[in-house]
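This report refers to the structure that appears directly beneath it.
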There are 2 protein chains.
Amino acid sequence: MDVRTQILDVATRRFAAQGYGGTSLSAIADEVGIRKASLLYHFPSKDELHRSVLDQVLSRWNEVLPRLLAAGSADRFDALLHETVRFFSEDPDRARLILRETLDNPVTMRERLLVAVAPWLQVIAGYVRRGQESGEVRADADPEAYLLHVIHLVVGGLAISDTLGIVLSPDGASSDIQRLTRELERIAKVSLFTDEGIERMNGRRAAAHAGSH
Amino acid sequence: MDVRTQILDVATRRFAAQGYGGTSLSAIADEVGIRKASLLYHFPSKDELHRSVLDQVLSRWNEVLPRLLAAGSADRFDALLHETVRFFSEDPDRARLILRETLDNPVTMRERLLVAVAPWLQVIAGYVRRGQESGEVRADADPEAYLLHVIHLVVGGLAISDTLGIVLSPDGASSDIQRLTRELERIAKVSLFTDEGIERMNGRRAAAHAGSH
DNA sequence: CCTACCGATCGGTAGG
DNA sequence: CCTACCGATCGGTAGG
């Protein structure tokens with residue numbers, strides 16, 4: 001692995017764990033095994049390094065998302081939710097970085113959200129509204145507000161999942177994360193769909209499975 | 001207002017906004033209008049000041065919570081949820097401080113949660129289980145995991161509520177926070193109670209209101 | 001509550 | 001990728 005990638009990896013972990021202000025360039029350089037001055041040859045400033053770390057995380061997500069939206073399967077919501085959970089639980093540092101950035105630089109993050117999140121949020125909200133017309137989605141749900149809460153539930157929840165897990169079993173079993181994510185998906189689904197909608201969704205999935213055998 | 005209280009107020013706001021590492025003692029002292037050395041007369045170290053800020057926030061919450069649990073009204077859950085939302089939306093810095101502490105010092109926060117949160121979480125989880133037996137609460141809900149998600153939904157959601165709100169309406173209307181909290185309470189309730197449970201709850205509330213007139 | 005000062009560490013530069 | 005070094009700022013102390 002080349003030095004640049006090593007620096008990005010270490011910096012991602014450190015920024016996620018201790019934040020921008022709590023991480024020094026020397027600490028990153030030490031862990032990589034080079035001098036601070038050498039790090040500043042690859043990234044001209046601490047700010048540039050931080051930007052690169054964020055860009056890397058967000059671009060990975062921008063690769064995954066359009067593929068999910070384009071899939072267009074019958075139970076699109078199910079797949080979208082599950083893949084989002086998988087993406088952030090695969091590496092919780094992604095979630096921690098986004099959460100930290102939202103706390104540290106709310107103004108910058110607001111602009112980024114407006115550009116990167118708002119458009120496809122409107123698209124999914126459109127699906128939700130169509131679901132309300134057909135009776136599959138609860139009539140009293142607020143599509144945009146609901147989606148924002150679910151995104152936050154996933155991103156924020158996985159950012160602090162190990163801390164939440166400890167309350168379930170003080171010895172810290174790894175099964176706690178599973179228990180938390182299963183309940184998270186239950187909350188997200190049951191607060192969106194009507195009983196009729198859930199039945200229809202299960203019916204479609206059973207049909208799809210039967211057809212593929 | 002005495003100097004000590006002024007220092008605590010300014011420090012609370014700064015720690016919530018920029019975190020521990022991103023806040024300097026000089027910056028706090030400047031805003032209060034004293035010298036850094038004078039600040040260190042009232043609080044012997046930055047760490048002590050930080051501890052005092054956290055203690056102040058958590059002790060306020062420990063005043064409110066037992067009163068809510070002791071109330072023992074029929075729709076206890078409704079009141080508990082609503083008051084928790086009110087407490088943190090009254091001053092979102094409380095939520096930001098707790099969220100930051102969870103990210104910065106997960107080990108310390110885990111111990112604190114085990115001591116301060118786990119006991120009464122078990123109590124409320126007991127209520128939820130009784131609700132499952134009587135059919136008011138959904139049978140497939142995981143009481144402890146559910147409660148942790150709702151706590152996170154409230155605390156984390158209010159910590160970043162202004163950032164989430166901007167996606168709803170780019171000009172940033174204050175009504176967005178209302179829209180978000182209303183949807184938050186809807187998600188929390190509908191994912192916990194069965195339709196029968198909600199009907200019973202509304203019935204009880206109507207009866208209570210009629211009785212009080 | 002102040003002035004004056006401390007060593008340590010910060011991000012960053014010069015020059016090789 | 002290194003050594004050597006910069007000014008600025010950090011948390012904290014001495015002494016009044």
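Atom set for the values below is all heavy atoms of this structure, side chains included, hydrogens, waters and symmetry mates excluded. Naming convention: chains lettered A, B, ... in sequence-line order (proteins, then strands); numbering from 1 in each chain. Fair warning: this is a prediction, and the values are worked out from it, not measured in the lab.
If you measure from atom CG of Asp47(B) to atom P of dC10(D), you get 17 Å, rounded to the nearest angstrom. Atom CG of Leu39(B) and atom P of dC10(D) are 13 Å apart (whole Å). One can place CD1 of Ile7(A) at 7 Å from P of dC1(D), the figure rounded to the nearest angstrom. Going from atom OH of Tyr41(A) over to atom P of dC2(D) covers 12 Å, rounded to whole Å. Rounded to whole Å, atom C1' of dC1(D) lies 15 Å from atom CG of Asp30(A). Rounded to a whole Å, the NZ atom of Lys46(B) is 12 Å from the C1' atom of dG12(D). Taking atom CD of residue Gln18(B) and atom P of nucleotide dC10(D), one finds them 12 Å apart after rounding to whole Å. Between the C1' atom of dG11(C) and the CZ atom of Phe43(A) lies a distance of 16 Å, rounded to the nearest Å.
Each of dT13(D), dT3(D), dC1(D) was ranked by its minimum atom distance to the side chain of Leu40(B); first place goes to dT13(D). Candidate nucleotides dT3(D), dC1(C), dC1(D) were compared by shortest atom distance to the side chain of Arg35(A), and dT3(D) ranks first. Listed candidates were dC1(D), dC1(C), dT3(D). Nearest to the side chain of Ala37(A) is dT3(D).
Within 6.0 Å of CZ on Arg35(B) lie no more than 12 heavy atoms contributed by other residues, nucleotides or ligands.
Leu25(B) comes within contact range of the sugar-phosphate backbone alone, with a heavy-atom separation under 4.0 Å but no base atom that close. As judged by a 4.0 angstrom heavy-atom cut-off over every strand, Ile34(A) is placed among residues touching the sugar-phosphate backbone only.
Looking at heavy atoms from C-beta onward, Phe77(B) lies out of side-chain contact with Tyr127(B) at the 4.5 angstrom threshold. Counting heavy atoms from C-beta outward, Phe43(A) and His50(A) have side chains that stay 4.5 Å or more apart.
For dT9(D), neither phosphate oxygen OP1 nor OP2 lies less than 4.0 angstrom from any side-chain nitrogen or oxygen of Ser24(B). OP1 and OP2 of dG11(C) both lie 4.0 Å or more from every side-chain N or O belonging to Ser45(A). Contact annotation: Ser26(A) reaches the phosphate of dC10(C) (side-chain N/O to OP1 or OP2, under 4.0 Å).
Pair assignment for dG15(C) gives dC2(D), based on Watson-Crick or G-U wobble hydrogen-bonding distances that are each under 3.5 Å. Nucleotide dT9(C) has dA8(D) as its partner under the Watson-Crick or G-U criteria, with both atom distances under 3.5 Å.
The base of dG11(C) lies close enough to the side chain of Lys36(A) for a donor and an acceptor atom to sit less than 3.5 Å apart.
Of the charged side-chain nitrogens involved, at least one lies within less than 4.0 Å of a carboxylate oxygen, so that Glu83(B) and Arg86(B) count as a salt-bridged pair. Electrostatic pairing of Asp142(B) and Arg179(A) counts as a salt bridge here, judged by a charged N lying under 4.0 Å from a carboxylate O.
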